[in-house]
Amino acid sequence: MTLELTEAQTLTQRTARDYVARVIAPRAAELDRSGGFPIESLKGLAELGLLGVNVRAEYGGAEAGAVAYALAMMEVAGGCASTAVAMAVTNMVAEVIQAFGNEEQRQRHLPKLTSGEYVTGAFALSEPAVGSDPGALTTTARRQGAGWVLDGQKQWITNGAHAGVTVVWARTGGPGAKGISCFLVEAGTPGFSAGRAEDKMGLRGSNTVPLLLEGCTVPDGARLGEEGEGFKIAMMALDGGRIGIGSQATGIGLAAQHAAVGYAKERHAFGQPIAAHQAVQFMLANNAAELEAARLMCLRAAAKKQAGERFGVEAAQAKLLASETAVRVCNRAMQVLGGYGYIRDFPVERYLRDVRVTTIYEGTSEIQRLVIAREQLR
Ligand code: CAA
């Protein structure tokens, strides 16, 4: 077993780190305040191959693998978690099209996703009353002539108003998981629109919208995978997506720890830097140890995925541990900074607001426990 990164993985990590330091991190506080969308940063990520890290070169991807993707995600999330989630969902959409699309669908969408022409992709599974239990979704797709007509509403859709292509799950058959199929809906399709962006606690530079499908007609060629195969496609995509969100959480946590260490060395209390006080050292030590565990778990799940092995349980474990660790780490970092952690002059309050959702989206912590427990009890 080797824990060393390959040259290519190190190169991807360094490329992301450099772009984050030059471009993404300096824009993060303003993006958080303005609630805009990081279109320019995403175009830059596309140019570096970071919108299709695990996509084959023939479709414009970097073909650098799942481990490189996890490393890049940690870097970008440390600079700006909002930009990171837009990148995460775009990579997930590109991978799902690569894995389940036919050649025509791959040729049509992947170069536009990886090059940034689409800006982003979106993943529309959840609905207003269906989040943890997507097998109960109610959006419908009925056959009409040579195509399909989609009706329903999607909720919490990351990138929804800025996506060139959205993967939409809809019911084509009876109840339950087996009645669900999956469609690629392009921006501008009549009957397909985005609602008002959510006013969120964190990730304020990411776009989260409801999507309306009202008599939205798509050709049969827009169906991704076989009829009734949609639920499995969603589950397999989410297995990979969970590595991305675990890595995002780890990246935010590492940035918070960096801020806490820097502050602890500068700030004096009782005649010495607060870093000399054991109470502060213990918080920094716990952060360091827990973050290293989170980092390794994300990389291990990614390595299994890259090796073509089953990795769903490892991804759930990594996402559970990394997201809950990162929330704790950001909380401790705020404690180290005291009052300065609570104001916007320092980035720690943003890290804490941004990291909180990582225990909720891409499957809540409770859903990850369910996936892990099922495997234990099998
Ligand atoms: N890979 C492949 N197939 C899978 C699978 C996986 N990981 N998980 C389940 N399946 C298959 C099963 O084998 C089963 O197939 P068969 O009937 O042929 O045996 C079928 O799917 C149904 O499986 P279950 O009975 O296990 O399904 P379930 O209804 O009990 O659900 C669940 C399982 C894990 C709880 C699932 O519903 C789940 O993951 N829920 C959470 C959803 C989620 O993560 N949503 C996030 C939204 S996206 C998002 O947040 C993006 C963002 O903005 C960042």
Side-chain angles (χ1 to χ4, degrees), residues 73 77 81-93 95-96 99-100 120-137 139 154-163 166-169 171 173-182 194 197-198 200 202-203 206-211 225-226 228-249 252 301 304-305 309-320 323 354-375 377-378:
M73 180 51 53
S82 291
T83 306
V85 74
M87 169 181 156
V89 175
T90 304
N91 273 276
M92 179 163 69
V93 167
E95 285 196 41
V96 85
F100 298 100
T120 63
F123 188 91
L125 180 65
S126 299
E127 297 183 351
V130 173
S132 290
D133 182 16
L137 63 80
T139 295
K154 294 293 172 177
Q155 186 75 19
W156 318 123
I157 308 308
T158 301
N159 299 338
H162 296 276
T166 300
V167 193
V168 176
W169 278 265
R171 190 164 297 287
K178 292 203 161 41
I180 296 170
S181 303
C182 183
E198 303 296 346
K200 306 189 295 291
L203 294 187
S206 76
N207 174 255
T208 310
V209 290
L211 292 176
E226 296 303 319
E229 213 187 17
F231 188 83
K232 282 194 187 176
I233 293 176
M235 291 300 110
M236 290 163 88
L238 284 169
D239 284 343
R242 287 167 186 164
I243 298 174
I245 299 306
S247 303
Q248 182 200 26
I252 302 169
K304 289 200 82 160
K305 177 180 172 188
E309 296 170 25
R310 286 171 66 94
F311 67 95
V313 173
E314 287 77 6
Q317 288 174 341
K319 201 268 188 185
L320 172 66
S323 62
D354 285 350
V355 81
R356 185 62 183 82
V357 75
T358 63
T359 68
I360 297 171
Y361 63 21
E362 216 93 340
T364 60
S365 287
E366 291 68 32
I367 289 295
Q368 311 310 323
R369 290 189 177 96
L370 199 143
V371 171
I372 299 161
R374 281 184 183 181
E375 175 68 15
L377 298 170
R378 220 152 54 106

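Counting starts at 1 for both ligands and their atoms, in listed order.
- In this structure, atom 4 (C) of ligand 1 lies nearest to the protein heavy atom M235 CB, 3.9 Å.
- Shown here, atom 15 (O) of ligand 1 is in close reach of the protein: a heavy atom of it lies under 4.0 Å off.
- A heavy-atom separation below 4.0 Å is found between S132 and ligand 1.
- Closest to atom 46 (C) of ligand 1 among all protein heavy atoms lies G363 N, 3.5 Å.
- With a 4.0 Å heavy-atom cut-off, ligand 1 is reached by no atom of T364.
- Taking a cut-off of under 4.0 Å to the non-hydrogen atoms of G131, the atoms of ligand 1 that pass are 42 (C), 45 (N).
- Residue-level proximity to ligand 1 for R242 is carried by the side chain, the only part with a heavy atom below 4.0 angstrom.
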* Go through the steps for M92 and E362 under the test side chain to side chain contact (heavy atoms under 4.5 Å, CB included), then give the verdict. => CA-CA 11 Å; M92 179 163 69; E362 216 93 340; 3.2 Å; yes
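- Short contacts between ligand 1 and D239, defined as distances under 4.0 Å to a heavy atom of the residue, involve ligand atoms 1 (N), 6 (C), 7 (N).
- Panel note: side chain Q248, backbone A81; a donor-acceptor pair is recorded below 3.5 Å.
- Here the side chain of K319 pairs a donor or acceptor atom with the backbone of G363 at under 3.5 angstrom.
- With a 4.0 Å heavy-atom cut-off, ligand 1 is reached by the side chain of S126 but not by its N, CA, C or O.
- Atoms of ligand 1 found under 4.0 Å from any heavy atom of V371, numbered from 1 in the order shown, are 34 (C).
- Rounded to the nearest 0.5 Å, atoms CD1 (I245) and CD (Q368) are 10.5 Å apart.
- Of all heavy-atom pairs between F231 and G135, the closest is CE1-N, 3.5 Å.
- Between the OG1 atom in T359 and the CG atom in L320 there is a gap of 9.5 Å [rounded to 0.5 Å].
- Looking only at heavy atoms of the protein, atom 22 (C) of ligand 1 is closest to F231 CE2, 3.5 Å.
- M236 CG, 3.5 Å is the protein heavy atom nearest to atom 2 (C) of ligand 1.
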* **side chain to side chain contact (heavy atoms under 4.5 Å, CB included) between T120 and V89, intermediate numbers included** => CA-CA 8 Å; T120 63; V89 175; over 6 Å; no
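- Interface of T158 with ligand 1, defined as ligand atoms under 4.0 Å from a residue heavy atom, comprises 52 (C), 53 (O).
- The closest protein non-hydrogen atom to atom 43 (C) of ligand 1 is L238 CD1, 3.6 Å.
- Checked by atom type, the side-chain pair T139/E127 shows a donor-acceptor distance below 3.5 Å.
- Across every non-hydrogen atom of K154 and V168, the tightest pair is CE-CG1, 4.2 Å.
- Here the protein heavy atom with the shortest distance to atom 17 (O) of ligand 1 is K178 NZ, 2.6 Å.
- Distances from atom 30 (O) of ligand 1 to the heavy atoms of K232, R374, E362 show the closest one on R374.
- Rounding to the nearest 0.5 angstrom, the gap separating the CD atom in E198 from the OG1 atom in T158 is 10.5 Å.
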